Amino acid sequence: MKKITYIVFLFSLMTYAQHHSKMIVEVNNEKKILNVYQELTYYNQSNDTLSSIVLNDWNNAYSNKNTPLGERFSDEYVRSFHLATEKERGNTNTITIIDTNKSLLSWKRPDGFPDLVEFQLKNKLFPGQKATFVLSYFVKIPDDKFTKYGYNSNGNIALKNWFLTPSIYKNKTFIKYSNLNIDDAPNALFDIDLQISSAAEHQIISDLPLINKENNTYFFSGKNQLIVNLFFEKKVSFLSFKNENLDVTTNLEDKKVSDINKAIIVDKVINYVSDNLGNYPKPKITVSQLDYEQNPFYGLNQLPSFISPFPDDFIYELKFLKTYLNNYLKTTLQLDSRKDNWIYDAIQVYYMMKYIDEYYPKVKMMGSIERLGILRGYNLVSLDFNEQYSYFYMLMARKNLDQPLGDPKNTLIKFNEKIASKYRAGLSFRYLSDYIGEEKLKNSIAEFIAYSIKNQSDSDYFKNLIQNASSKKTDWFFNTIINSRKIIDYKFDNVTKTTDSVSFSLKNKTDVNVPIPIYGIKKNQIVFKEWIDNVKTDSIYTFKRYDADKIVINYKNIVPEYNQRNNWKSLKSFRLSNKPIKFNFMKDLEDPNYNQILYVPTLEYNFYDGFIPGMRFHNKTILDKPFNFDITPSYSTKTSSFSGRFSVSVNQFNRDSKMFNIRYGLSGENYHYAPDAFYKKINPYVIFRFRENDYRDNHFKSLTFRQVYVNREPSVFVKNNLEGNYSIFNARYNNSRTEITKHFGYSTDFQLASKFSKLSTSISFRRLFDDNRQVNLRLYAGAFIFNKTETNYFSFAIDRPTDYLFDYNYLGRSESTGIFSQQYIQAEGGFKSKLINPYANQWLTAVNGSFNIWNWIEVYSDLGFMKNKQENARFVYDSGIRLNLVTDYFELYFPVYSNNGWEVAQTKYAEKIRFIVAFSPHSLIGLFTRKWF
C-alpha cells in the first residue's frame, strides 16, 4: 500500500508552471541530519541561454565562523555563534548532482558565497526549455540558539530555507545573496512534492497541504512556493482554523485567550486582509510563534506582563495581524526581498495602522495606563496608538542614524532594519494615502500584489502604478521619501490674521520640497485642512479662518517630519508664550506643544561625599534635541554640604558628511576629592564625530578639544598637595573599530598647561580566534614636552593615574589604602600591581596583554619602562589572573608575580586584588544597545 501511495504521489504533478522539486527526506533525529533525495526540474523562463544554475543553500551559512552569517553575528556582538561547538553548527555536505544522462555534474560554491551552490550544465539550457537533475545531500541541522531555527533542547525542530532551491534569475544573472538572518532568501517560485519520514515521537507541521500520512511518513504537496516551513514537535502546539478560503495553522502563544476567541480573531484578521489585499492565493498558511519572535511588535512586546495595559485578546490580535501580514507577503510576492524590502514593510505597517484606525481608534499607545490620574500629564500615555510609529522612526532620525527606505535590507543597522525603517515605510504610505486619496493607494497596492503573485516584480512597477492612479505628481514620494534620507522641517513665518482669514508664509528649513498639510484648530478640533503642494519661500498663503485659534503644520503627523516643535502658531490676541513650560517626573516623549522640563531624584556615592541625594532637571526626552541642558543640585550626606553638576550642549548634525555630528558644550561639577576638600571643574568643549558611509561599519572616530579649569581646595589628607588651581588645554583623537571577534583602536592625547605639556598615544588590539582563544594587547607611550612641576600630581602613572582632569569615575580618588584604592581603571601604564614609586615625570611606555585559558579566565602580563628626571630608565612588570566577566564593566584581577616578588605569597593579599565595576547607567545601557546602533 505504501509503495502504491508513493507512486501516485510522485507522479501526481505531470506538468509544471515553474521549477519543481520531488523530494524524499529521511530525518536522523539523534544526529540532527536530513538525508535528502531531490529530483529538481528547472525551467528556463528567461530569454537567455544558461550554462550553469545557482541554488540557494542557506543552511550551509552555519558551517563555520567566517561565513557572511558569522561575520554579521560578530558585527552585532553575538558571541554564541563564534563559541559554538561543531556539533551545534549546521552544514550541507556530500552533494552530488546528476543530469538525465546519468552524468555527474561539477559544482562549486561561488567566491564569497559559502551558502550557494553553482553547477555547470553538460548541455546548455535554452529559453523555454526544462532540464531535470537528481540531487542527493545531507543537511546537518544547527542549534536554534543562533537564529531560532534548528533543533532545541526539547527535541523539537524548526526548519526554513533548509533545502537547495533555485535562485531568482533576473537581468541576465542569478541573484546571489548569502544568509544574513534577515529573512530575504531570493528563491525562485517552485512547486514541490515532499515525502518526509521522522521519528515516531514527532508530529510534522508544514505550510504545505498534507496529502497523506502513513505511520511516520508524511506526504506534502504545494504549488507556487517561495519557502517551505517545517516544524517537528513531540507535543503539538499548533491549532488549525479554517474558513471558506483558507486553512490557518498557528501556535502563537497566549494561554489567556480561549480557542474560541482565537478563532474569532483569526477569522476577523483574514477577512480584513482579504478585503484590502485580496484572498491568500494558497490553501494553507502557518503563523508560528517563531515567525512572530523573528519580527515582534516592538513597543508592545517590551512591556512587562505584570503591567498588562492591553486586554489579552487585543495583544493576541495584533500579534496575529502583524505575523499574518508578514507571512502573506513573504510567501507570495515575487520580489527581490533584499533590494525592495521597503515594500513589504510599507504594506505591512500601513495596514496595521489602518486596522487600529478601523477597529480601535480610541486605544492609546500605553493602553489603559493613560487612565491612571497620576500619569495623565505625560505625552507618552496620552498619544494615540498609531502615533508610536513616528516616534520610533524619529529616535533614529534625531541621532542622524536613519537610512533611506530604498536601501538594501542588508545595509541597514539593526534598529533600522527591525524597527525604524519598517515603521517609517508604513508612515510613508499613510502620507501618500492622505495626499492622493486612500482608495487610490488601496487599489494600487492590491493591483501590485495581484501582479507580483504571478510575476517577478519590483519597486519600479509599483511606482508606475501610483503615477497612473493619480493626476497629482508623486515623483517627490519616491525620490525624497523612499530613496533619500533628506529630512522634512517646515515652520511658519510672517503670520497675520483677520476675523475671517489667516495669512502666512512657510520657511523650509531643510530645502526639501514636498506637499505639506496645514490645519486650523479651534478648541482642539480641526476646523480646516489645506494641502500646499509646492512650497515657495516668497509666497503668502491665505485661507479662510473658520474661527481657528491656532494654525498647525502637519497636525495629525501625516508627514514624517523631523521636528514638530516649531509647527504651530497661536492666533489668540494675547499670549504669554507660544509654548508653555511643562514639568514631568522621570521621562517622557517629546511633546511639540510644550517646553518640557523633566525632573528625577538621583542618588550617587563616593567615599568622601558619602551618599549624594539630588534632584536632576533636564530637557532630554526620549528623542534627542539640538539643545540640551542637565542640572543636578545635590547634597553630600557625609560632609553636610551642597554639591552637584551641570551640562549644556548644542548638537549640530551634518546629514551628508562623514563628520556627522559636532557637539559644543559646557559642563561642570563640584564634589569632594578628599574628606576635607572640594574640587570644582569647568569644562568647555567641542567634539567632532565621524563615521563611515556604511552605517553598519563599527568604525568610530572622534576629535575633542577642551579647556579644563580645576579649582582644588587644600587638604591635610593629601600629600604634596601643591597644585591647587590649574587650567589645561586638551586635544584628543580616538579611532576604533569593534566587533565581537576583533577590535583595533588607537588614540592620541595632547595636553598643554602653564607648567607642563605632554603627548601620549595608546593602541589596543583584541582578537577572538577560531579555537575560541582570545588575545588582548594594549600599548601605551607618553612623554613630557616640558615639565616644570614640583610634584608627581601631573606625572604619568604606571598603575593608578591621579586623574587631575577628573575624567574617571573613581569611588575614592585620593585613597592609597583600603578597598577604594583597589579600583582599577585602564589608563596610562595600565598595571594591576601596586608598585613602589609608580610615577614617571619624563616618559613612560607600557604593554598590557592577556590571554584566556578557559572561558572568561585569563592570564595577564604587563611590561614597561619608565623614566624620571636625573634617574635611569626603570624596567617594570607584573602578571596574574584576570576574571573577565563582562569586559570593561565587571572584571577582577589577581596579581601573582611582579617587581614586588611573588605577591600571592605575601601578607594581606586581599588588598592587592583589583576590580572594575561600572556603576554608570549610561555605560551599562551601552552594553545592551551596542548591537542595535
Side-chain angles (χ1 to χ4, degrees), residues 1-16 18-41 59 92 94 96 98 132-141 144 149-152 154-165 190-242 246-251 282-288 290 331:
M1 179 65 186
K2 181 176 180 179
K3 183 175 181 180
I4 295 174
T5 301
Y6 174 65
I7 293 173
V8 172
F9 171 79
L10 200 59
F11 293 99
S12 61
L13 198 59
M14 300 303 297
T15 59
Y16 317 114
Q18 55 270 325
H19 315 310
H20 180 266
S21 284
K22 302 174 184 176
M23 301 182 64
I24 303 174
V25 180
E26 296 285 342
V27 182
N28 186 324
N29 294 85
E30 182 179 350
K31 296 182 178 180
K32 309 298 187 295
I33 290 176
L34 311 180
N35 184 355
V36 180
Y37 171 88
Q38 181 176 358
E39 187 175 316
L40 170 64
T41 301
N59 186 72
T92 307
T94 322
T96 61
I98 300 173
T132 299
F133 310 94
V134 175
L135 293 73
S136 63
Y137 50 92
F138 293 97
V139 174
K140 185 175 181 295
I141 304 169
D144 75 343
Y149 288 101
Y151 67 87
N152 64 21
N154 297 324
N156 297 331
I157 300 172
L159 298 178
K160 185 176 186 177
N161 296 314
W162 53 276
F163 62 94
L164 302 182
T165 56
F190 61 88
D191 295 341
I192 185 171
D193 295 309
L194 172 63
Q195 173 189 327
I196 184 165
S197 302
S198 184
E201 60 183 2
H202 275 144
Q203 298 289 319
I204 305 177
I205 299 94
S206 177
D207 43 10
L208 297 173
L210 179 63
I211 305 301
N212 194 19
K213 177 180 181 293
E214 294 184 2
N215 298 322
N216 304 327
T217 302
Y218 293 72
F219 299 88
F220 297 100
S221 181
K223 293 183 178 181
N224 303 320
Q225 299 295 133
L226 290 172
I227 55 176
V228 172
N229 291 301
L230 289 178
F231 302 91
F232 301 75
E233 294 190 334
K234 294 181 177 180
K235 183 180 180 181
V236 175
S237 62
F238 284 84
L239 297 173
S240 181
F241 301 99
K242 297 181 181 180
L246 186 62
D247 178 0
V248 178
T249 302
T250 180
N251 67 340
K282 304 175 189 179
K284 184 178 181 182
I285 189 172
T286 56
V287 180
S288 70
L290 176 54
T331 58

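Every value quoted in this text rests on a predicted model; they were computed, and no experiment measured them. Numbers here simply count residues along the sequence, with the first being 1.
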task: Measure the CD1-CD1 distance between Ile141 and Ile33 for me, rounded to the nearest 0.5 Å.
output: 8.5 Å
- request: Any chance you could measure Leu208, atom CG, to Ile192, atom CD1, to the nearest 0.5 Å?
  value: 6.0 Å
- prompt: Ignoring hydrogens and geometry, is there a side-chain-to-backbone donor-acceptor pair from Lys235 to Ser237 under 3.5 Å?
  reply: no
- request: Assign the ring pair His202 / Phe232 to parallel, tilted or perpendicular, where the plane angle (0 to 90°) is split at 30° and 60°.
  value: perpendicular
Heavy-atom closest pair, residues Pro283 and Pro209: CG-CG, 3.7 Å
- request: Using atom types as modelled and distance alone, determine if a side-chain donor or acceptor of Lys282 lies under 3.5 Å from a backbone N or O of Thr331.
  value: yes
- request: Tell me, please, which residues at least two apart from Phe133 pass ring-ring contact (aromatic ring centres under 6.0 Å, His included).
  value: Phe119
field: Heavy atoms of other groups near Lys31 NZ, more than 12 under 6.0 Å
entry: no
- request: To the nearest 0.5 Å, tell me how far Leu230 CG sits from Ile157 CD1.
  value: 10.0 Å
Beyond-backbone contact of Phe220 with Leu210, side-chain heavy atoms, under 4.5 angstrom: yes
- prompt: Are any non-hydrogen side-chain atoms of Leu135 and Glu39 less than 4.5 angstrom apart?
  reply: no
Residues Phe190, Val228; criterion side chain to side chain contact (heavy atoms under 4.5 Å, CB included); working and verdict: CA-CA 10 Å; Phe190 61 88; Val228 172; 4.0 Å; yes
- request: Using the side chain to side chain donor-acceptor pair (under 3.5 Å) rule, take Gln225 and Asp191 through it: C-alpha gap first, then chi angles, then the decisive distance, then the call.
  value: CA-CA 6 Å; Gln225 299 295 133; Asp191 295 341; over 6 Å; no
message: Any heavy-atom pair between the side chains of Asp247 and Ser240 that's under 4.5 Å?
response: yes
field: Polar side chain donor-acceptor pair, Ser221 to Asp193, under 3.5 angstrom
entry: yes
task: Start with the C-alpha gap between Leu290 and Tyr149, add the side-chain angles, then the distance that decides, and say whether side chain to side chain contact (heavy atoms under 4.5 Å, CB included) holds.
output: CA-CA 8 Å; Leu290 176 54; Tyr149 288 101; 3.2 Å; yes
Asn229 and Ser288: CA distance, side-chain angles, deciding distance, side chain to side chain donor-acceptor pair (under 3.5 Å) verdict: CA-CA 10 Å; Asn229 291 301; Ser288 70; over 6 Å; no
message: side chain to side chain donor-acceptor pair (under 3.5 Å), that's the test. Do Tyr218 and Gln203 meet it? Break it down for me.
response: CA-CA 9 Å; Tyr218 293 72; Gln203 298 289 319; 3.2 Å; yes
message: Under the criterion side chain to side chain donor-acceptor pair (under 3.5 Å), I'd like the reasoning laid out for Thr249 against Thr286: C-alpha separation, chi angles, the key distance, then a yes or no.
response: CA-CA 5 Å; Thr249 302; Thr286 56; over 6 Å; no
